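Taking it in order: structure first as structure tokens, then the write-up.
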Amino acid sequence: MQEKYDPRAIERDAQSFWEARRAFSVSEDRSKPKFYCLSMYPYPSGKLHMGHVRNYTIGDVLTRHHRMRGRNVLQPMGWDAFGLPAENAAMANGVPPARWTRDNIVYMKRQLQALGFALDWERELATCDPAYYKWNQWFFTRLFRRGLAYKTTGVVNWDPVDQTVLANEQVIDGRGWRTGALVEKREIPMYFLRITEYADELLAALDELPGWPERVKLMQKNWIGRSEGVRLAFPYELEGERKLLWVFTTRADTLFGATFCAVAAEHPIATWAARRDPQIAAFVDECKRGATMEADIAQLEKKGMPTGLECIHPLSGERIPVWVANYVLMGYGEGAVMAVPAHDERDFDFALRYRLPIRPVIRHPLGDAVPAPWKPEYAEYGTCIHSGKYDGLGYAAAVDVIASDLQAKGLGERQVQWRLRDWGISRQRYWGCPIPIVHCEACGDVPVPDEQLPVLLPEDVVPDGTGSPLAKMPEFYQTSCPSCGKPARRETDTMDTFVDSSWYFARFACADNPREMVDARAAYWMPVDQYIGGIEHAILHLLYSRFFQRLMRDEKLLAISEPFTNLLTQGMVLAESYYLDTPEGRREWIDPAEVEVRRDAKGKLVSAIRRADGAEVIYDGLGTMSKSKNNGVDPQELIERYGADTARFFAIFASPPTNTLEWSDEGVEGSYRFLKRLWSYAVRFKAGGGPAVASELSKATRFEIHSVLNQANYDLSKYQLNTVASAAMKILNALDRLAGVDDEVAKEGLSILLRLLSPITPHICHHLWRELRFGEDVMSAAWPEPDKNALVQDEIEYVVQVNGKKRGTLVASKALDSRALEALVRASDIVKRYIGDLVIKKVIVVPGRLINIVV
RNA sequence: GCCCGGGUGGCGAAACUGGUAGACGCAGGGGACUUAAAAUCCCCAGGCUGAAAGGCCAUACAGGUUCGAGUCCUGUCCCGGGCACCA
């Protein structure tokens with residue numbers, strides 16, 4: 001046996017052992033329970049970063065663990081290969097996105113293989129491959145025919161200089177990232193998927209996902225945002241015609257407090273008012289400028305203007321003004337609200353600013369009046385006051401009566417409102433899946449027939465940042481109508497990449513099938529038993545996937561509704577990011593490795609400069625590692641220096657999977673040291689020599705090893721993998737202390753250690769398992785379980801507290817009951833010393849743990 | 001702004017269901033081995049105080065519940081994720 005731990009040689013050998021046996025290629029073996037373990041596939045951005053290493057190591061640990069527990073485990077890998085960064089790289093380097101993407105895939109695949117993940121590479125897929133995106137298109141045409149995909153207008157960020165649509169990420173402080181031009185909102189035709197049709201089901205089914213973290217379910221629940229309320233109308237007269245201004249409210253009980261109505265800038269009333277009054281037109285224009293992001297809109301200063309229109313309160317008959325306001329969103333409810341300043345914070349602020357009346361109509365905990373400033377109590381439920389015949393009613397009763405009174409007048413009804421909006425999937429971009437529609441003057445929007453699929457994306461294109469590349473390629477868009485044969489224009493928008501990622505997990509089951517989107521093998525493997533990925537996907541990706549699974553169910557492609565049985569949301573790996581403002585007003589992101597940082601005594605950053613030229617750079621805070629911020633830490637050096645096992649061990653040991661992790665290389669050394677210690681222990685063990693004599697020490701060591709193992713198995717079930725790594729270290733420490741005393745216990749302990757550790761550091765464990773003749777392949781060994789007999793203890797150390805403060809310990813036989821223990825403790829030195837003459841009021845005995853004396 | 005998390009030594013963290021706060025590591029200090037260094041091994045280590053035994057303080061901050069709170073409740077501050085076109 002080699003004296004020295006040589007990760008390079010060991011890892012090469014182990015990996016070729018697995019490869020020769022196709023150890024991770026699995027099929028639909030019905031003799032074992034199946035287990036589909038999947039980590040979210042990566043975007044091929046260039047090279048792996050630490051977030052990937054962490055994500056895939058976690059997935060691999062779970063995969064290998066379940067495999068050793070006797071399950072038929074599938075762990076595939078693929079590439080989320082369409083997307084914006086490829087177009088940006090193309091613009092920067094003049095290389096077509098297709099080539100850039102495929103080169104990245106080759107490089108990153110080699111990195112993943114070097115890490116020794118138990119991946120079934122025979123199922124590899126890339127979403128930019130026509131064999132994959134064909135099925136996006138095929139499925140879209142199905143949805144289109146069923147009305148689940150439809151065309152309407154949607155709002156986008158428009159860069160007036162580049163004449164192009166910008167992604168939210170490309171809008172910085174309301175300006176285009178390349179041009180610096182003020183971004184405008186623009187309405188364009190887009191395709192939408194009718195996710196709202198499934199809102200009810202997507203919400204209700206959250207309760208049947210016990211394997212999902214509560215917080216993710218809560219986030220989805222709030223995102224879907226079901227609220228019960230009343231849709232009601234304020235009649236108004238416009239150019240001699242009676243019309244209705246519809247609003248939605250969850251607080252119909254406050255209806256008598258409505259002192260004005262507010263409409264969004266895009267509302268027909270605002271459009272009408274803008275035509276009459278140039279000042280309103282200017283204000284409406286101002287509201288329509290700026291980006292589309294809700295975060296930006298919500299932080300705007302609340303502004304508004306009266307439209308000059310008055311409407312009639314549906315119950316009191318009072319005339320109240322209609323305003324246009326920038327805080328009302330066209331996309332939610334009716335695009336108009338009734339404003340009740342006394343009981344809604346935003347309306348309150350708005351009313352104060354524009355001196356609109358504030359009329360309290362609910363008795364709240366602080367009384368009847370609502371003096372400024374705003375207090376949260378004003379919004380609480382209470383009894384109606386100043387509300388005519390509704391006075392004295394509570395929330396539920398008031399809403400009930402008001403709703404039915406409105407209904408009788410034809411001015412309202414109870415309604416369920418959702419926050420969730422339909423999913424706009426059109427992107428005016430090149431590097432994505434073409435939407436398979438042909439626009440024909442005679443036949444309208446015609447889906448491309450199956451036999452003409454896929455609509456191939458031309459691959460030798462280098463976008464230039466202006467307009468949409470496909471819309472500039474007649475050879476792409478000139479076509480004939482599939483229905484009437486006349487010349488027609490092909491749709492030039494591509495699909496949101498979230499479409500690709502909403503079903504890729506099902507395709508892994510049958511990636512080689514050229515005839516069907518999914519087949520019987522998908523029915524075997526789906527649902528994914530364990531899904532692992534970043535918490536940043538808690539809403540969009542996971543919700544879209546749940547939606548798509550239902551679409552596929554209703555298309556009779558798969559029978560299940562939920563794609564992911566258990567979900568582990570990994571915390572993000574954070575790194576600091578720095579940028580320079582370029583003369584063109586853009587941000588140039590600087591790799592943190594090139595930045596020299598000065599900090600004050602408390603560790604707060606004082607200044608940062610770029611090493612190369614001493615330029616002062618701006619600190620942008622801690623954030624997720626990303627291509628766009630150029631702050632990803634490349635694991636390559638780590639792997640080359642220490643080997644895959646060290647990198648893997650450290651990724652697991654550094655922090656529990658769900659924690660965010662501020663990356664730092666410090667500490668890697670300790671993981672490497674541990675593996676070296678394990679190796680040298682194995683060398684000594686192999687040399688042999690210890691007598692097999694049971695002693696106090698060997699008994700204590702067995703107890704320690706088995707209790708650590710017991711805890712590790714529990715931790716594993718809770719995904720607390722960092723303490724499993726600690727457990728391995730503790731076992732090695734215990735074995736070290738035993739060295740040369742009892743070979744039987746050492747052998748058992750080492751066999752437990754290697755099996756427990758093998759999912760984390762598979763290469764070294766594979767090698768030692770064979771070297772020490774434990775068996776041929778540690779992966780096929782049984783998962784270790786603690787021996788109950790080893791866990792039995794005759795004596796227990798009790799903590800003795802006085803008034804909850806620890807004052808000492810007491811070792812007692814485990815056979816003693818509470819009364820015996822109490823007697824023992826009353827007679828002990830501790831009582832004499834700390835209690836003296838004080839009267840003992842009560843003695844609390846926690847079995848097996850502690851005794852607390854209350855005086 | 002809204003929704004969801006998090007905050008424990010110099011650092012990553014641990015603490016079963018409310019029951020010994022800091023396991024296991026990193027960095028650090030001391031020692032052994034070595035001509036020396038690296039590697040390795042042993043010891044120390046939350047803060048203050050004390051010769052020691054010990055005592056007091058301590059889980060972001062301020063309160064509360066409890067025999068007992070890192071853990072439960074209320075409020076505040078700070079950090080992170082998401083906010084529908086980054087993926």
Side-chain angles (χ1 to χ4, degrees), chain A residues 40 42-43 45 80 82-85 88 154 156-157 165-171 213-216 218-223 225 292-300 302 327 331 345-346 419-429 496-498 501 534-541 543-544 569 571-572 574 603 621-624 626-629 650 653-656 658-662 664 666-671 673-674 676-677 680 711 714 720 722-723 725-730 733 797-806 808-809 841-844 846 849-850 852-855:
Chain A
M40 291 178 186
Y43 178 78
S45 55
D80 186 13
F82 276 137
L84 200 53
N88 296 335
V156 294
N157 305 306
V165 174
L166 296 179
N168 285 339
E169 190 192 47
Q170 298 171 315
V171 180
E214 284 307 319
R215 72 154 150 158
V216 173
L218 192 54
M219 281 190 261
Q220 292 214 349
K221 184 179 169 212
N222 292 336
W223 184 263
T292 57
M293 284 101 91
E294 196 196 309
D296 290 351
I297 295 164
Q299 279 168 74
L300 290 175
K302 288 170 198 67
Y327 69 91
E345 185 172 6
R346 284 185 315 180
R419 210 187 75 95
L420 184 67
R421 308 197 299 260
D422 276 342
W423 173 15
I425 60 156
S426 294
R427 298 290 179 269
Q428 298 67 45
R429 270 194 262 294
D496 181 1
T497 56
F498 273 125
S501 56
I535 184 66
E536 71 274 22
H537 294 292
I539 297 174
L540 292 179
H541 164 60
L543 187 63
Y544 290 150
T569 45
M572 317 228 7
L574 305 183
L622 269 177
T624 152
S626 72
K627 182 87 183 161
S628 59
K629 291 198 174 177
F650 184 61
F653 180 66
S655 167
T658 51
N659 271 29
T660 51
L661 177 61
E662 291 170 31
S664 138
E666 284 175 23
V668 176
E669 205 54 61
S671 300
R673 201 173 293 153
F674 165 66
K676 281 193 289 186
R677 276 183 59 211
S680 70
Q711 183 66 40
Y714 176 80
Q720 187 155 301
N722 57 323
T723 49
S726 298
M729 289 175 148
K730 286 177 184 175
N733 288 346
E797 189 186 53
Y798 286 88
V799 169
V800 181
Q801 296 183 331
V802 178
N803 286 342
K805 265 187 194 286
K806 181 189 171 188
T809 57
K841 275 204 247 169
K842 201 156 85 172
V843 177
I844 292 158
V846 181
R849 287 208 156 262
L850 63 71
N852 187 16
I853 306 162
V854 186
V855 297

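Residue numbers start from 1 in every chain, and the chains themselves are labelled A, B, ... in the order their sequence lines are given, proteins ahead of strands. Since we're looking at a predicted model, the values are computed, not measured.
- Taking atom P in both B:U49 and B:A39, the straight-line distance is 35 Å, to the nearest Å.
- Within 4.0 Å (heavy atoms only), A:Val854 reaches sugar-phosphate atoms of the nucleic acid but no base atom.
- Dashed line: the shortest gap from a side-chain N or O of A:Lys676 to OP1 or OP2 of B:A39 is not under 4.0 Å.
- A:Val171 comes within 4.0 angstrom of no nucleic acid atom, judged by non-hydrogen atoms across all strands.
- Side-chain nitrogen and oxygen atoms of A:Gln720 include at least one within less than 4.0 Å of the OP1 or OP2 phosphate oxygen of B:A15.
- For A:Asn722 and B:A14, the CG to C1' distance is 8 Å, given to the nearest whole Å.
- Contact annotation for A:Ser45: no contact, since no heavy-atom pair falls under 4.0 Å across all strands.
- For A:Lys805 and B:A69, the shortest distance from a side-chain N or O to OP1 or OP2 is not below 4.0 Å.
- The 5' end of RNA chain B is approached more closely, in terms of each residue's nearest nucleotide, by A:Ala725 than by the other of A:Ala725 and A:Leu574.
- Between B:G7 and B:G18, the two P atoms lie 16 Å apart (nearest whole Å).
- Regarding contacts with the backbone of B:G12, every side-chain N or O of A:Asn659 stays at 4.0 angstrom or more from both OP1 and OP2.
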Let me see the working for A:Leu850 and A:Val800 under side-chain contact (heavy atoms from CB on, under 4.5 Å), right down to the final yes or no. CA-CA 6 Å; A:Leu850 63 71; A:Val800 181; over 6 Å; no
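- Using the Watson-Crick or G-U wobble rule with both distances under 3.5 Å, B:C2 pairs with B:G82.
- Taking atom P on both nucleotides, B:C26 is separated from B:C41 by 10 Å, rounded to a whole Å.
- Comparing A:Gly804 and A:Gln299 against RNA chain B, the residue whose closest nucleotide sits nearer the 5' end is A:Gln299.
- Using a 4.0 Å heavy-atom distance criterion, A:Leu850 is classed as a base contact.
- Counting non-hydrogen atoms under 4.0 angstrom, A:Leu218 reaches the backbone sugars and phosphates but no base.
- Among the nucleotides B:A87, B:G68, B:C24, the one closest to the side chain of A:Asn852 is B:G68.
- Base-pair partner of B:C61: B:G75 (Watson-Crick or G-U wobble, both distances under 3.5 Å).
- Judged by distance alone, the side chain of A:Arg427 and the main-chain N or O of A:Asp496 form no donor-acceptor pair under 3.5 Å.
- Distance A:Phe653 CZ to B:A13 C1': 8 Å, rounded to the nearest Å.
- Note on A:Asn222: a side-chain N or O is less than 4.0 Å away from OP1 or OP2 of B:C4.
- Using a 4.0 Å heavy-atom criterion, one finds that A:His537 contacts the bases of the nucleic acid, with or without backbone contacts as well.
- Going from the C1' atom of B:G5 to that of B:C57 covers 30 Å, rounded to whole Å.
- If you check B:A13, B:G81, B:A23 against the side chain of A:Ser726, the one that comes closest is B:A23.
- Here B:G68 is in the anti range [glycosidic angle more than 90° from 0].
- Side chain A:Glu294 to base B:C2: no donor-acceptor pair is found below 3.5 Å.
- Between A:Arg677 and B:C41 there is a side-chain N or O to OP1 or OP2 distance below 4.0 Å.
- A sub-4.0 Å separation between OP1 or OP2 of B:A87 and a side-chain N or O of A:Thr497 is present.
- Between B:U8 and B:C61, the distance separating the two P atoms is 10 Å to the nearest Å.
- Minimum atom distance to the side chain of A:Asn733 is reached by B:G25, of the listed B:A84, B:C4, B:G25.
- When heavy atoms are screened at a 4.0 angstrom cut-off, A:Leu420 is found touching base atoms of the nucleic acid.
- The side chain of A:Tyr714 places an N or O atom within less than 4.0 Å of a non-bridging phosphate oxygen (OP1 or OP2) of B:U17.
- Under the 3.5 Å distance criterion, the side-chain polar atoms of A:Asn168 are left unmatched by any main-chain donor or acceptor of A:Thr292.
- Note on A:Gln428: a base of the nucleic acid sits closer than 4.0 angstrom, heavy atoms only.
- Rounded to whole angstrom, the span from the NZ atom of A:Lys730 across to the P atom of B:A15 amounts to 9 Å.
- Note on A:Gly571: nothing from the nucleic acid sits closer than 4.0 angstrom, heavy atoms only.
- Taking atom CG on A:Leu661 and atom C1' on B:G80, their separation rounds to 13 Å, with Å as the unit.
- Contacts of A:Val668 with the nucleic acid, taken as non-hydrogen atoms under 4.0 Å apart, are absent.
- Nucleotides B:C85 and B:C11 are separated by 40 Å at their P atoms, to the nearest Å.
- If you take CG of A:Leu543 and P of B:C3, they are 19 Å apart, rounded to a whole angstrom.
- Between A:Arg419 and B:A84, a side-chain N or O to OP1/OP2 separation shorter than 4.0 Å is absent.
- Here B:C86 is the nucleotide among B:C86, B:C4, B:C83 with the atom lying nearest to any side-chain atom of A:Asn168.
- Taking side-chain N and O atoms only, A:Arg673 has a distance below 4.0 Å to OP1 or OP2 of B:A27.
- Here the nucleotide nearest the side chain of A:Met729, chosen from B:C24, B:C86, B:G81, is B:C24.
- Contact check, A:Arg215 against B:G5: no side-chain N or O comes under 4.0 Å of OP1 or OP2.
- Within 4.0 Å of A:Pro656, counting heavy atoms only, lie sugar-phosphate atoms of the nucleic acid but no base atom.
- Put simply, the side chain of A:Gln801 and the base of B:G19 share a donor and an acceptor less than 3.5 Å apart.
- When each of B:C67, B:G81, B:C86 is scored by its nearest atom to the side-chain atoms of A:Met572, the top-ranked nucleotide is B:G81.
- If you check every strand for non-hydrogen atoms under 4.0 Å, A:Glu797 touches a base.
- Without hydrogens or angle criteria, A:Asn659 side chain to A:Gly571 main chain gives no donor-acceptor distance under 3.5 Å.
- Proximity note for A:Ser655 (side chain, C-beta onward) versus B:U20, B:G12, B:G81: the nearest is B:G12.
- B:C67 sits 23 Å from B:U17 when the P atoms are compared, rounded to a whole Å.
- Nucleic acid contact class of A:Tyr327 (heavy atoms, under 4.0 Å, all strands): none.
- Nucleotides B:G63 and B:G54 place their C1' atoms 32 Å apart, quoted to the nearest Å.
- No engagement by A:Met40 is indicated, since no non-hydrogen atom pair under 4.0 Å with the nucleic acid exists.
- Closest contact between the side chain of A:Ala295 and the listed nucleotides B:C86, B:G1, B:C85 involves B:G1.
- The partner of B:C11, taking Watson-Crick or G-U wobble pairs whose two distances both stay under 3.5 Å, is B:G25.
- In this structure, of B:A23, B:G82, B:C85, it is B:G82 that holds the atom nearest to the side chain of A:Glu536.
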